[in-house]
Amino acid sequence: MDYILHLVILIAIYTILSQSLSIVAGYSGQLSLAHAGFYGIGAYTTALLSVNFGLSIFVTLPLAMLLSGIVAFIVSRIAVKTVDDYFIIITLGIQVVIFSILNNWQEVTRGPLGIPSIPSIEIFGFAFDSKLSFFILSVFIVAIIWYLIHNLVTSPFGRVLRALSEDEIFTKSLGKNVYQAKIISFTISGMLASIAGVLYAHYISYIDPTSFTIDESIFILSIVIIGGMRNLKAIFLATVFLVLLPEALRFIGMPSNIAANMRQIIYGIALILVIFQYGNKKKELKINRMKKANT
Amino acid sequence: MQQLIVNSLITASIYLIISFGFYIHYRFFKFFNFALAGYLTISAYTLYLFVNVFELSMFISILISIVMSLIFILPFELAIFKLQNKFKLTSTHLLVISIGVYLVIENLISFFFNNEAKLIGRYKTRFLFSNDYFTLTFTQGLFIVLASLIALFFISNNTVFFKKLKAIISNKELSDNIGINRIKVSFKVIILYLLLFIASGFLIGLDKSIIPSIGFSYLLFGIIATIIGGLKLGFKHLIYGVLFLAFVQNFIAFYIGYKWLNGVSFVLLIGFLLFRPFGFSNYKIKKTDI
(Lines give C-alpha, C1' and ligand atoms only; values in the text may rest on other atoms or scores of the structure.)
Protein backbone atom coordinates (compact mmCIF):
# COMPACT_ATOMS: atom_id res chain seq x y z
CA MET A 1 0.00 0.00 0.00
CA ASP A 2 2.84 2.35 0.92
CA TYR A 3 4.42 1.73 -2.46
CA ILE A 4 1.23 2.59 -4.32
CA LEU A 5 0.98 5.82 -2.31
CA HIS A 6 4.61 6.54 -3.21
CA LEU A 7 3.80 6.16 -6.92
CA VAL A 8 0.75 8.40 -6.63
CA ILE A 9 2.82 11.09 -4.88
CA LEU A 10 5.38 10.94 -7.72
CA ILE A 11 2.54 11.22 -10.24
CA ALA A 12 1.29 14.28 -8.36
CA ILE A 13 4.73 15.93 -8.43
CA TYR A 14 5.21 15.23 -12.13
CA THR A 15 1.67 16.39 -12.89
CA ILE A 16 2.55 19.79 -11.40
CA LEU A 17 5.78 19.87 -13.43
CA SER A 18 4.22 18.85 -16.72
CA GLN A 19 1.11 21.01 -16.44
CA SER A 20 3.21 24.04 -15.50
CA LEU A 21 5.45 23.38 -18.51
CA SER A 22 2.38 23.12 -20.74
CA ILE A 23 1.70 26.84 -20.10
CA VAL A 24 4.94 27.61 -21.93
CA ALA A 25 5.39 24.66 -24.27
CA GLY A 26 1.75 23.98 -25.07
CA TYR A 27 -0.18 27.20 -24.81
CA SER A 28 2.47 29.73 -25.82
CA GLY A 29 4.37 27.38 -28.13
CA GLN A 30 7.83 27.84 -26.61
CA LEU A 31 9.59 24.56 -25.97
CA SER A 32 11.67 24.93 -22.85
CA LEU A 33 14.41 22.61 -21.59
CA ALA A 34 14.96 24.59 -18.38
CA HIS A 35 12.10 23.19 -16.34
CA ALA A 36 14.19 20.82 -14.24
CA GLY A 37 16.31 23.83 -13.33
CA PHE A 38 13.32 25.63 -11.77
CA TYR A 39 12.30 22.35 -10.13
CA GLY A 40 15.81 22.20 -8.63
CA ILE A 41 15.73 25.82 -7.49
CA GLY A 42 12.50 25.13 -5.59
CA ALA A 43 13.88 21.97 -4.02
CA TYR A 44 17.21 23.49 -2.97
CA THR A 45 15.67 26.70 -1.66
CA THR A 46 13.30 24.88 0.64
CA ALA A 47 15.97 22.34 1.64
CA LEU A 48 18.56 24.96 2.55
CA LEU A 49 16.11 27.20 4.41
CA SER A 50 14.45 24.40 6.36
CA VAL A 51 17.68 22.52 7.23
CA ASN A 52 19.89 25.53 8.02
CA PHE A 53 17.35 27.94 9.51
CA GLY A 54 14.44 25.73 10.51
CA LEU A 55 11.96 27.85 8.52
CA SER A 56 8.45 26.51 7.97
CA ILE A 57 6.78 25.76 4.65
CA PHE A 58 4.85 29.02 4.90
CA VAL A 59 8.17 30.87 4.43
CA THR A 60 10.16 28.46 2.26
CA LEU A 61 7.44 27.92 -0.33
CA PRO A 62 6.89 31.61 -1.19
CA LEU A 63 10.65 32.21 -1.17
CA ALA A 64 11.24 29.24 -3.48
CA MET A 65 8.55 30.51 -5.83
CA LEU A 66 9.98 34.02 -5.68
CA LEU A 67 13.53 32.86 -6.48
CA SER A 68 12.34 30.63 -9.30
CA GLY A 69 10.17 33.43 -10.59
CA ILE A 70 13.06 35.90 -10.61
CA VAL A 71 15.31 33.49 -12.49
CA ALA A 72 12.51 32.64 -14.93
CA PHE A 73 11.81 36.33 -15.47
CA ILE A 74 15.45 37.10 -16.25
CA VAL A 75 15.75 34.08 -18.54
CA SER A 76 12.57 34.92 -20.40
CA ARG A 77 13.65 38.56 -20.87
CA ILE A 78 16.74 37.25 -22.65
CA ALA A 79 15.10 34.37 -24.46
CA VAL A 80 11.81 35.74 -25.81
CA LYS A 81 13.45 38.03 -28.31
CA THR A 82 15.06 35.05 -30.05
CA VAL A 83 13.43 32.79 -32.59
CA ASP A 84 12.18 29.26 -31.81
CA ASP A 85 15.35 27.21 -32.07
CA TYR A 86 17.52 29.70 -30.22
CA PHE A 87 14.94 29.88 -27.43
CA ILE A 88 15.35 26.15 -26.83
CA ILE A 89 19.14 26.47 -26.83
CA ILE A 90 19.01 29.33 -24.31
CA THR A 91 16.72 27.35 -22.02
CA LEU A 92 19.05 24.38 -22.40
CA GLY A 93 21.90 26.69 -21.46
CA ILE A 94 20.06 27.93 -18.38
CA GLN A 95 19.42 24.34 -17.35
CA VAL A 96 23.13 23.54 -17.65
CA VAL A 97 24.11 26.69 -15.72
CA ILE A 98 21.65 25.94 -12.89
CA PHE A 99 22.87 22.35 -12.67
CA SER A 100 26.45 23.58 -12.70
CA ILE A 101 25.75 25.90 -9.75
CA LEU A 102 23.89 23.20 -7.80
CA ASN A 103 26.66 20.68 -8.43
CA ASN A 104 29.71 22.89 -7.98
CA TRP A 105 28.87 25.57 -5.42
CA GLN A 106 29.74 23.17 -2.66
CA GLU A 107 29.95 25.76 0.12
CA VAL A 108 26.20 26.34 -0.16
CA THR A 109 24.65 23.31 -1.85
CA ARG A 110 27.18 20.64 -0.73
CA GLY A 111 27.60 19.76 -4.41
CA PRO A 112 27.29 16.06 -5.30
CA LEU A 113 26.89 15.13 -1.61
CA GLY A 114 23.43 16.66 -1.63
CA ILE A 115 21.36 17.86 1.30
CA PRO A 116 20.13 15.17 3.70
CA SER A 117 17.71 15.26 6.62
CA ILE A 118 15.21 17.65 5.09
CA PRO A 119 12.37 17.81 7.61
CA SER A 120 8.85 16.88 6.61
CA ILE A 121 6.24 19.56 6.00
CA GLU A 122 4.59 20.82 9.15
CA ILE A 123 1.36 22.83 9.03
CA PHE A 124 -0.08 24.14 12.31
CA GLY A 125 1.78 21.50 14.28
CA PHE A 126 0.72 18.58 12.06
CA ALA A 127 3.68 16.85 10.39
CA PHE A 128 3.06 15.29 6.99
CA ASP A 129 5.60 12.54 7.58
CA SER A 130 3.51 9.50 6.65
CA LYS A 131 2.91 8.50 3.06
CA LEU A 132 -0.86 8.74 3.46
CA SER A 133 -0.78 12.29 4.83
CA PHE A 134 1.69 13.39 2.14
CA PHE A 135 -0.50 11.77 -0.51
CA ILE A 136 -3.50 13.81 0.68
CA LEU A 137 -1.42 16.99 0.77
CA SER A 138 0.05 16.46 -2.71
CA VAL A 139 -3.36 15.63 -4.24
CA PHE A 140 -4.75 18.81 -2.66
CA ILE A 141 -1.91 20.92 -4.07
CA VAL A 142 -2.24 19.32 -7.53
CA ALA A 143 -5.97 20.09 -7.49
CA ILE A 144 -5.30 23.76 -6.66
CA ILE A 145 -2.62 24.11 -9.33
CA TRP A 146 -4.75 22.31 -11.94
CA TYR A 147 -7.62 24.69 -11.14
CA LEU A 148 -5.33 27.73 -11.38
CA ILE A 149 -3.78 26.62 -14.68
CA HIS A 150 -7.20 25.77 -16.12
CA ASN A 151 -8.49 29.23 -15.21
CA LEU A 152 -5.36 30.84 -16.62
CA VAL A 153 -5.52 29.10 -20.00
CA THR A 154 -9.26 29.69 -20.41
CA SER A 155 -8.93 33.36 -19.53
CA PRO A 156 -8.35 36.15 -22.10
CA PHE A 157 -4.63 35.89 -21.31
CA GLY A 158 -4.78 32.19 -22.20
CA ARG A 159 -6.36 33.08 -25.54
CA VAL A 160 -3.50 35.47 -26.22
CA LEU A 161 -1.04 32.65 -25.50
CA ARG A 162 -2.87 30.32 -27.86
CA ALA A 163 -2.97 33.00 -30.54
CA LEU A 164 0.73 33.76 -30.31
CA SER A 165 1.60 30.09 -30.54
CA GLU A 166 -0.44 29.85 -33.78
CA ASP A 167 0.72 33.08 -35.38
CA GLU A 168 2.86 35.50 -33.45
CA ILE A 169 2.94 38.21 -36.09
CA PHE A 170 -0.82 38.21 -36.51
CA THR A 171 -1.31 38.36 -32.72
CA LYS A 172 1.07 41.32 -32.57
CA SER A 173 -0.85 43.02 -35.36
CA LEU A 174 -3.99 42.77 -33.24
CA GLY A 175 -2.26 44.96 -30.67
CA LYS A 176 -1.41 42.24 -28.16
CA ASN A 177 1.88 42.55 -26.28
CA VAL A 178 3.36 39.24 -27.33
CA TYR A 179 6.67 39.63 -25.49
CA GLN A 180 4.97 40.48 -22.25
CA ALA A 181 2.67 37.46 -22.62
CA LYS A 182 5.65 35.17 -23.20
CA ILE A 183 7.52 36.57 -20.20
CA ILE A 184 4.50 36.25 -17.90
CA SER A 185 3.76 32.68 -19.01
CA PHE A 186 7.40 31.64 -18.59
CA THR A 187 7.62 33.21 -15.14
CA ILE A 188 4.40 31.60 -13.93
CA SER A 189 5.56 28.26 -15.30
CA GLY A 190 8.89 28.54 -13.43
CA MET A 191 7.17 29.47 -10.18
CA LEU A 192 4.79 26.52 -10.38
CA ALA A 193 7.68 24.15 -11.12
CA SER A 194 9.35 25.27 -7.90
CA ILE A 195 6.27 24.11 -5.94
CA ALA A 196 6.92 20.61 -7.27
CA GLY A 197 10.53 20.98 -6.11
CA VAL A 198 9.41 21.96 -2.61
CA LEU A 199 7.11 18.94 -2.41
CA TYR A 200 9.80 16.62 -3.73
CA ALA A 201 12.45 17.84 -1.27
CA HIS A 202 10.24 17.43 1.79
CA TYR A 203 8.91 14.09 0.61
CA ILE A 204 12.20 12.40 -0.26
CA SER A 205 14.06 14.26 2.58
CA TYR A 206 17.30 14.09 0.57
CA ILE A 207 18.15 15.91 -2.64
CA ASP A 208 21.20 16.05 -4.86
CA PRO A 209 21.87 17.70 -8.23
CA THR A 210 21.41 14.47 -10.20
CA SER A 211 17.62 14.79 -9.78
CA PHE A 212 17.63 18.06 -11.74
CA THR A 213 19.60 17.35 -14.91
CA ILE A 214 18.82 17.94 -18.57
CA ASP A 215 17.46 14.36 -18.73
CA GLU A 216 14.77 15.39 -16.26
CA SER A 217 13.87 18.39 -18.41
CA ILE A 218 13.61 16.17 -21.47
CA PHE A 219 11.42 13.74 -19.50
CA ILE A 220 9.04 16.51 -18.40
CA LEU A 221 8.91 17.86 -21.96
CA SER A 222 8.18 14.34 -23.22
CA ILE A 223 5.19 14.12 -20.88
CA VAL A 224 3.81 17.39 -22.24
CA ILE A 225 4.34 16.41 -25.87
CA ILE A 226 2.90 12.91 -25.45
CA GLY A 227 0.00 14.41 -23.51
CA GLY A 228 -0.86 16.59 -26.48
CA MET A 229 0.69 19.91 -25.37
CA ARG A 230 -2.52 21.75 -24.44
CA ASN A 231 -4.83 19.27 -22.81
CA LEU A 232 -4.41 19.25 -19.02
CA LYS A 233 -6.31 15.99 -18.60
CA ALA A 234 -4.31 14.26 -21.34
CA ILE A 235 -1.07 15.55 -19.83
CA PHE A 236 -2.12 14.06 -16.50
CA LEU A 237 -2.77 10.71 -18.21
CA ALA A 238 0.60 10.92 -19.96
CA THR A 239 2.21 11.56 -16.57
CA VAL A 240 0.52 8.46 -15.14
CA PHE A 241 1.68 6.38 -18.11
CA LEU A 242 5.28 7.55 -18.08
CA VAL A 243 5.72 7.44 -14.28
CA LEU A 244 4.21 3.93 -14.08
CA LEU A 245 6.12 2.65 -17.13
CA PRO A 246 9.18 1.49 -15.12
CA GLU A 247 6.87 -0.46 -12.82
CA ALA A 248 5.17 -2.06 -15.83
CA LEU A 249 8.56 -3.08 -17.22
CA ARG A 250 9.53 -4.57 -13.87
CA PHE A 251 6.17 -6.37 -13.70
CA ILE A 252 6.91 -8.18 -16.98
CA GLY A 253 10.17 -9.39 -15.50
CA MET A 254 12.64 -7.07 -17.15
CA PRO A 255 15.85 -6.70 -15.10
CA SER A 256 16.26 -3.20 -13.70
CA ASN A 257 19.55 -2.53 -15.55
CA ILE A 258 17.80 -3.15 -18.89
CA ALA A 259 14.53 -1.52 -17.80
CA ALA A 260 16.18 1.89 -17.43
CA ASN A 261 17.37 1.82 -21.06
CA MET A 262 14.09 0.40 -22.33
CA ARG A 263 12.19 3.17 -20.59
CA GLN A 264 14.24 5.85 -22.34
CA ILE A 265 13.91 4.06 -25.68
CA ILE A 266 10.13 3.98 -25.23
CA TYR A 267 10.12 7.73 -24.41
CA GLY A 268 12.13 8.42 -27.55
CA ILE A 269 9.89 6.31 -29.77
CA ALA A 270 6.76 7.85 -28.20
CA LEU A 271 8.09 11.35 -28.98
CA ILE A 272 8.76 10.41 -32.61
CA LEU A 273 5.35 8.76 -33.02
CA VAL A 274 3.47 11.68 -31.49
CA ILE A 275 5.13 14.18 -33.84
CA PHE A 276 4.67 11.79 -36.77
CA GLN A 277 0.99 11.55 -35.87
CA TYR A 278 0.86 15.34 -35.76
CA GLY A 279 2.36 15.44 -39.24
CA ASN A 280 -0.22 12.93 -40.51
CA LYS A 281 -3.09 14.93 -39.01
CA LYS A 282 -1.72 18.12 -40.57
CA LYS A 283 -1.64 16.41 -43.98
CA GLU A 284 -5.20 15.07 -43.52
CA LEU A 285 -6.46 18.54 -42.53
CA LYS A 286 -4.84 20.01 -45.65
CA ILE A 287 -6.43 17.35 -47.89
CA ASN A 288 -9.84 17.92 -46.26
CA ARG A 289 -9.54 21.69 -46.72
CA MET A 290 -8.64 21.23 -50.38
CA LYS A 291 -11.61 18.89 -50.88
CA LYS A 292 -13.96 21.42 -49.26
CA ALA A 293 -12.60 24.20 -51.44
CA ASN A 294 -13.18 22.13 -54.59
CA THR A 295 -16.81 21.25 -53.74
CA MET B 1 51.01 28.81 -20.94
CA GLN B 2 52.35 26.76 -23.88
CA GLN B 3 50.42 23.71 -22.68
CA LEU B 4 47.32 25.87 -22.44
CA ILE B 5 47.75 26.91 -26.08
CA VAL B 6 48.36 23.32 -27.19
CA ASN B 7 45.34 22.04 -25.25
CA SER B 8 43.21 24.80 -26.77
CA LEU B 9 44.31 23.85 -30.27
CA ILE B 10 43.47 20.20 -29.61
CA THR B 11 40.02 21.11 -28.26
CA ALA B 12 39.48 23.55 -31.12
CA SER B 13 40.32 20.91 -33.71
CA ILE B 14 37.56 18.60 -32.44
CA TYR B 15 35.04 21.44 -32.10
CA LEU B 16 35.93 22.69 -35.58
CA ILE B 17 34.90 19.46 -37.28
CA ILE B 18 31.68 19.25 -35.23
CA SER B 19 30.97 22.91 -35.84
CA PHE B 20 31.44 22.59 -39.62
CA GLY B 21 29.17 19.57 -39.72
CA PHE B 22 26.51 21.25 -37.60
CA TYR B 23 26.74 24.49 -39.58
CA ILE B 24 26.19 22.74 -42.93
CA HIS B 25 23.26 20.80 -41.48
CA TYR B 26 21.63 23.82 -39.83
CA ARG B 27 22.02 26.20 -42.77
CA PHE B 28 20.71 23.58 -45.19
CA PHE B 29 17.88 21.97 -43.18
CA LYS B 30 17.13 24.88 -40.81
CA PHE B 31 16.62 23.01 -37.54
CA PHE B 32 18.69 21.97 -34.52
CA ASN B 33 19.28 18.26 -34.86
CA PHE B 34 20.19 16.62 -31.55
CA ALA B 35 20.36 13.23 -33.24
CA LEU B 36 23.80 14.32 -34.51
CA ALA B 37 25.05 13.73 -30.96
CA GLY B 38 23.87 10.14 -31.26
CA TYR B 39 25.67 9.72 -34.60
CA LEU B 40 28.89 10.93 -33.06
CA THR B 41 28.52 8.33 -30.31
CA ILE B 42 27.66 5.57 -32.82
CA SER B 43 30.88 6.22 -34.73
CA ALA B 44 33.00 6.18 -31.56
CA TYR B 45 31.49 2.90 -30.40
CA THR B 46 31.73 1.34 -33.86
CA LEU B 47 35.44 2.08 -33.86
CA TYR B 48 35.68 0.64 -30.34
CA LEU B 49 33.90 -2.51 -31.53
CA PHE B 50 36.34 -3.17 -34.38
CA VAL B 51 39.50 -2.14 -32.54
CA ASN B 52 38.88 -3.61 -29.10
CA VAL B 53 36.35 -6.40 -29.63
CA PHE B 54 37.33 -7.74 -33.08
CA GLU B 55 40.96 -6.64 -32.57
CA LEU B 56 41.50 -5.40 -36.10
CA SER B 57 44.25 -2.96 -36.99
CA MET B 58 43.47 0.73 -36.54
CA PHE B 59 43.54 1.54 -40.26
CA ILE B 60 41.19 -1.34 -41.24
CA SER B 61 38.94 -0.56 -38.26
CA ILE B 62 38.59 3.08 -39.30
CA LEU B 63 37.66 2.13 -42.87
CA ILE B 64 35.12 -0.47 -41.79
CA SER B 65 33.78 1.82 -39.05
CA ILE B 66 33.11 4.62 -41.54
CA VAL B 67 31.04 2.26 -43.69
CA MET B 68 29.25 0.63 -40.74
CA SER B 69 28.52 3.98 -39.09
CA LEU B 70 26.98 5.28 -42.30
CA ILE B 71 24.88 2.11 -42.58
CA PHE B 72 23.59 2.59 -38.99
CA ILE B 73 23.09 6.34 -39.23
CA LEU B 74 21.70 6.91 -42.73
CA PRO B 75 18.26 5.35 -42.07
CA PHE B 76 17.70 7.74 -39.13
CA GLU B 77 18.80 10.79 -41.05
CA LEU B 78 16.94 9.93 -44.25
CA ALA B 79 13.79 9.30 -42.20
CA ILE B 80 14.04 12.76 -40.62
CA PHE B 81 14.71 14.28 -44.06
CA LYS B 82 11.66 12.48 -45.50
CA LEU B 83 9.48 13.67 -42.60
CA GLN B 84 10.62 17.23 -43.21
CA ASN B 85 9.79 17.11 -46.91
CA LYS B 86 6.64 15.00 -46.85
CA PHE B 87 4.84 16.55 -43.89
CA LYS B 88 6.42 20.02 -43.94
CA LEU B 89 6.97 19.87 -40.18
CA THR B 90 8.28 22.97 -38.42
CA SER B 91 11.80 23.21 -37.07
CA THR B 92 10.46 22.76 -33.54
CA HIS B 93 8.78 19.47 -34.42
CA LEU B 94 11.91 18.23 -36.14
CA LEU B 95 13.93 19.22 -33.08
CA VAL B 96 11.61 17.11 -30.89
CA ILE B 97 11.95 14.17 -33.28
CA SER B 98 15.73 14.54 -33.17
CA ILE B 99 15.60 14.43 -29.35
CA GLY B 100 13.57 11.22 -29.64
CA VAL B 101 16.10 9.73 -32.07
CA TYR B 102 18.97 10.75 -29.78
CA LEU B 103 17.31 9.09 -26.76
CA VAL B 104 16.83 5.88 -28.74
CA ILE B 105 20.43 5.85 -30.00
CA GLU B 106 22.01 6.70 -26.63
CA ASN B 107 20.06 4.01 -24.81
CA LEU B 108 20.60 1.35 -27.48
CA ILE B 109 24.35 1.98 -27.13
CA SER B 110 24.03 1.86 -23.34
CA PHE B 111 22.08 -1.39 -23.65
CA PHE B 112 24.69 -3.12 -25.82
CA PHE B 113 27.88 -1.64 -24.38
CA ASN B 114 26.77 -0.58 -20.83
CA ASN B 115 27.63 2.76 -19.24
CA GLU B 116 31.23 2.07 -18.25
CA ALA B 117 33.84 4.35 -19.74
CA LYS B 118 35.73 2.64 -22.56
CA LEU B 119 39.11 3.32 -24.11
CA ILE B 120 39.63 2.68 -27.80
CA GLY B 121 42.80 0.76 -28.51
CA ARG B 122 45.48 -0.31 -26.10
CA TYR B 123 48.31 1.59 -27.72
CA LYS B 124 51.11 3.01 -25.69
CA THR B 125 50.97 6.80 -25.80
CA ARG B 126 53.45 8.09 -28.36
CA PHE B 127 54.58 11.64 -27.91
CA LEU B 128 55.14 14.01 -30.80
CA PHE B 129 56.52 16.69 -28.52
CA SER B 130 57.44 16.32 -24.90
CA ASN B 131 59.49 18.95 -23.16
CA ASP B 132 59.41 21.14 -20.05
CA TYR B 133 56.79 23.45 -21.54
CA PHE B 134 54.21 21.22 -23.17
CA THR B 135 53.38 17.72 -24.32
CA LEU B 136 51.58 16.71 -27.47
CA THR B 137 50.82 13.09 -28.32
CA PHE B 138 50.98 11.69 -31.81
CA THR B 139 47.19 11.29 -31.92
CA GLN B 140 46.61 14.87 -30.78
CA GLY B 141 49.00 16.15 -33.42
CA LEU B 142 47.02 14.20 -35.99
CA PHE B 143 43.82 15.94 -34.82
CA ILE B 144 45.27 19.38 -35.35
CA VAL B 145 46.57 18.48 -38.80
CA LEU B 146 43.29 16.84 -39.82
CA ALA B 147 41.18 19.75 -38.55
CA SER B 148 43.43 22.23 -40.34
CA LEU B 149 43.12 20.31 -43.60
CA ILE B 150 39.32 20.15 -43.25
CA ALA B 151 39.20 23.89 -42.50
CA LEU B 152 41.39 24.65 -45.52
CA PHE B 153 39.25 22.41 -47.71
CA PHE B 154 36.02 24.16 -46.73
CA ILE B 155 37.38 27.69 -46.94
CA SER B 156 39.09 27.33 -50.28
CA ASN B 157 36.57 25.01 -51.93
CA ASN B 158 35.14 26.39 -55.11
CA THR B 159 33.71 23.21 -56.65
CA VAL B 160 30.36 23.06 -58.38
CA PHE B 161 28.91 21.15 -55.44
CA PHE B 162 29.86 23.87 -52.96
CA LYS B 163 28.48 26.54 -55.26
CA LYS B 164 25.18 24.63 -55.43
CA LEU B 165 25.24 24.20 -51.65
CA LYS B 166 25.75 27.93 -51.10
CA ALA B 167 23.02 28.71 -53.65
CA ILE B 168 20.46 26.50 -51.91
CA ILE B 169 21.42 27.89 -48.49
CA SER B 170 21.01 31.46 -49.79
CA ASN B 171 17.70 30.98 -51.50
CA LYS B 172 15.95 27.64 -51.90
CA GLU B 173 13.25 28.80 -54.28
CA LEU B 174 15.62 30.61 -56.62
CA SER B 175 17.97 27.65 -56.72
CA ASP B 176 14.99 25.45 -57.72
CA ASN B 177 14.17 27.93 -60.49
CA ILE B 178 17.66 27.86 -61.94
CA GLY B 179 17.54 24.07 -62.11
CA ILE B 180 19.62 22.89 -59.14
CA ASN B 181 18.55 19.38 -58.17
CA ARG B 182 17.86 19.88 -54.47
CA ILE B 183 17.30 16.20 -53.69
CA LYS B 184 20.66 15.22 -55.17
CA VAL B 185 22.46 18.02 -53.36
CA SER B 186 20.61 17.19 -50.13
CA PHE B 187 21.82 13.62 -50.24
CA LYS B 188 25.41 14.73 -50.79
CA VAL B 189 25.08 17.25 -47.96
CA ILE B 190 23.80 14.53 -45.64
CA ILE B 191 26.78 12.32 -46.46
CA LEU B 192 29.17 15.26 -46.01
CA TYR B 193 28.08 16.28 -42.52
CA LEU B 194 27.66 12.65 -41.44
CA LEU B 195 31.28 12.01 -42.46
CA LEU B 196 32.33 15.04 -40.43
CA PHE B 197 30.48 13.75 -37.39
CA ILE B 198 31.87 10.26 -37.87
CA ALA B 199 35.37 11.74 -38.04
CA SER B 200 34.78 13.74 -34.87
CA GLY B 201 33.45 10.61 -33.14
CA PHE B 202 36.67 8.78 -34.02
CA LEU B 203 38.83 11.64 -32.79
CA ILE B 204 36.96 11.94 -29.50
CA GLY B 205 37.10 8.19 -29.01
CA LEU B 206 40.84 8.10 -29.65
CA ASP B 207 41.55 11.04 -27.35
CA LYS B 208 39.29 10.32 -24.38
CA SER B 209 37.37 7.45 -22.86
CA ILE B 210 33.84 7.14 -24.24
CA ILE B 211 30.45 6.82 -22.54
CA PRO B 212 27.02 6.67 -24.24
CA SER B 213 26.22 10.31 -23.47
CA ILE B 214 29.52 11.72 -24.72
CA GLY B 215 28.10 12.96 -28.01
CA PHE B 216 25.61 15.32 -26.38
CA SER B 217 28.12 17.55 -24.61
CA TYR B 218 30.38 17.76 -27.66
CA LEU B 219 27.46 18.60 -29.93
CA LEU B 220 26.37 21.36 -27.53
CA PHE B 221 29.88 22.83 -27.55
CA GLY B 222 29.87 22.61 -31.34
CA ILE B 223 26.55 24.47 -31.41
CA ILE B 224 27.90 27.13 -29.03
CA ALA B 225 31.00 27.58 -31.20
CA THR B 226 28.82 27.86 -34.33
CA ILE B 227 26.56 30.48 -32.75
CA ILE B 228 29.56 32.43 -31.44
CA GLY B 229 31.15 32.24 -34.88
CA GLY B 230 27.92 33.36 -36.49
CA LEU B 231 25.82 32.05 -39.34
CA LYS B 232 27.15 34.06 -42.26
CA LEU B 233 27.60 32.12 -45.47
CA GLY B 234 31.18 30.92 -45.48
CA PHE B 235 33.32 29.09 -42.96
CA LYS B 236 36.05 31.49 -41.81
CA HIS B 237 34.06 32.96 -38.93
CA LEU B 238 33.40 29.45 -37.57
CA ILE B 239 37.14 29.10 -36.99
CA TYR B 240 37.08 32.26 -34.86
CA GLY B 241 34.13 30.92 -32.85
CA VAL B 242 35.78 27.55 -32.32
CA LEU B 243 39.14 29.00 -31.29
CA PHE B 244 37.48 31.51 -28.97
CA LEU B 245 35.43 28.85 -27.21
CA ALA B 246 38.33 26.40 -26.97
CA PHE B 247 40.66 29.02 -25.48
CA VAL B 248 38.09 30.26 -22.99
CA GLN B 249 37.27 26.71 -21.90
CA ASN B 250 40.90 25.72 -21.40
CA PHE B 251 41.61 28.99 -19.62
CA ILE B 252 38.70 28.36 -17.24
CA ALA B 253 39.74 24.72 -16.72
CA PHE B 254 43.33 25.76 -16.00
CA TYR B 255 42.82 28.76 -13.75
CA ILE B 256 39.38 28.33 -12.18
CA GLY B 257 38.50 24.65 -12.37
CA TYR B 258 37.26 22.07 -14.81
CA LYS B 259 33.94 21.69 -12.98
CA TRP B 260 32.77 25.13 -14.13
CA LEU B 261 33.44 24.40 -17.81
CA ASN B 262 29.86 23.63 -18.87
CA GLY B 263 28.33 26.52 -16.94
CA VAL B 264 30.81 29.07 -18.25
CA SER B 265 30.42 27.87 -21.85
CA PHE B 266 26.68 28.46 -21.69
CA VAL B 267 27.05 31.79 -19.92
CA LEU B 268 29.31 32.75 -22.82
CA LEU B 269 26.62 31.67 -25.28
CA ILE B 270 23.96 33.66 -23.45
CA GLY B 271 26.26 36.65 -23.35
CA PHE B 272 26.80 36.46 -27.10
CA LEU B 273 23.08 36.05 -27.76
CA LEU B 274 22.45 39.15 -25.64
CA PHE B 275 25.16 41.49 -26.84
CA ARG B 276 26.28 40.12 -30.18
CA PRO B 277 23.49 37.79 -31.32
CA PHE B 278 24.95 37.28 -34.76
CA GLY B 279 28.34 36.18 -33.50
CA PHE B 280 31.67 37.18 -34.93
CA SER B 281 30.22 37.20 -38.44
CA ASN B 282 27.69 39.86 -37.38
CA TYR B 283 25.40 38.46 -40.06
CA LYS B 284 21.70 38.85 -39.40
CA ILE B 285 19.52 35.98 -40.55
CA LYS B 286 16.24 37.23 -41.97
CA LYS B 287 13.20 35.85 -40.16
CA THR B 288 12.10 34.27 -43.46
CA ASP B 289 15.34 32.33 -43.61
CA ILE B 290 14.62 30.64 -40.30
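Letters A, B, ... are given to chains in the order of the sequence lines, protein chains preceding strands, and every chain is numbered from 1. Computation of the quantities below employed the complete heavy-atom set of this structure, encompassing side-chain atoms and omitting hydrogens, waters and symmetry-equivalent molecules.
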Who among [options] has the most heavy-atom pairs with chain A under 4.5 Å?
options: B:Asn115, B:Leu103, B:Asn107; value: B:Asn107
options: B:Phe31, B:Phe216, B:Phe111; value: B:Phe111
options: B:Gly263, B:Ser213, B:Gly257; value: B:Gly263

Does B:Glu77 pair with B:Lys82 as a salt bridge, N-O distance under 4.0 Å? no

Let me know if [X] has heavy atoms under 4.5 Å from chain A in its side chain, its backbone, both or neither.
X: B:Val101; answer: both
X: B:Ile97; answer: both
X: B:Leu94; answer: neither
X: B:Phe34; answer: side chain

Contact winner vs chain B - A:Ile265, A:Leu271, A:Val97, heavy-atom pairs under 4.5 Å: A:Ile265

According to ring-ring contact (aromatic ring centres under 6.0 Å, His included), who are the partners of B:Tyr39, at least two apart in sequence or on a separate chain? none

Acceptor/donor pairs from residues 217-226 of chain B side chains to any protein atom, 3.5 angstrom cut, sequence neighbours excluded:
{"unit_1": "B:Ser217", "atom_1": "OG", "unit_2": "B:Ile214", "atom_2": "O", "d": "3.4"}
{"unit_1": "B:Thr226", "atom_1": "OG1", "unit_2": "B:Ser19", "atom_2": "OG", "d": "2.9"}
{"unit_1": "B:Thr226", "atom_1": "OG1", "unit_2": "B:Gly222", "atom_2": "O", "d": "2.7"}

Near A:Arg162 CZ, under 6.0 Å, is it more than 12 heavy atoms from other residues, nucleotides or ligands? yes

May I ask you to check whether over 12 heavy atoms, not counting those of B:Phe28, lie within 6.0 Å of atom CZ? yes

For the residue pair A:Tyr267 and A:Phe219, does the interplanar ring angle fall in the parallel (under 30°), tilted (30 to 60°) or perpendicular (over 60°) class? tilted

Of the backbone (N, CA, C, O) and the side chain (C-beta and beyond), which part of A:Ile225 lies under 4.5 Å from a heavy atom of chain B, both, or neither? side chain

Just by distance, do the side chain of A:Gln30 and the backbone of A:Ala25 share a donor-acceptor pair under 3.5 Å? no

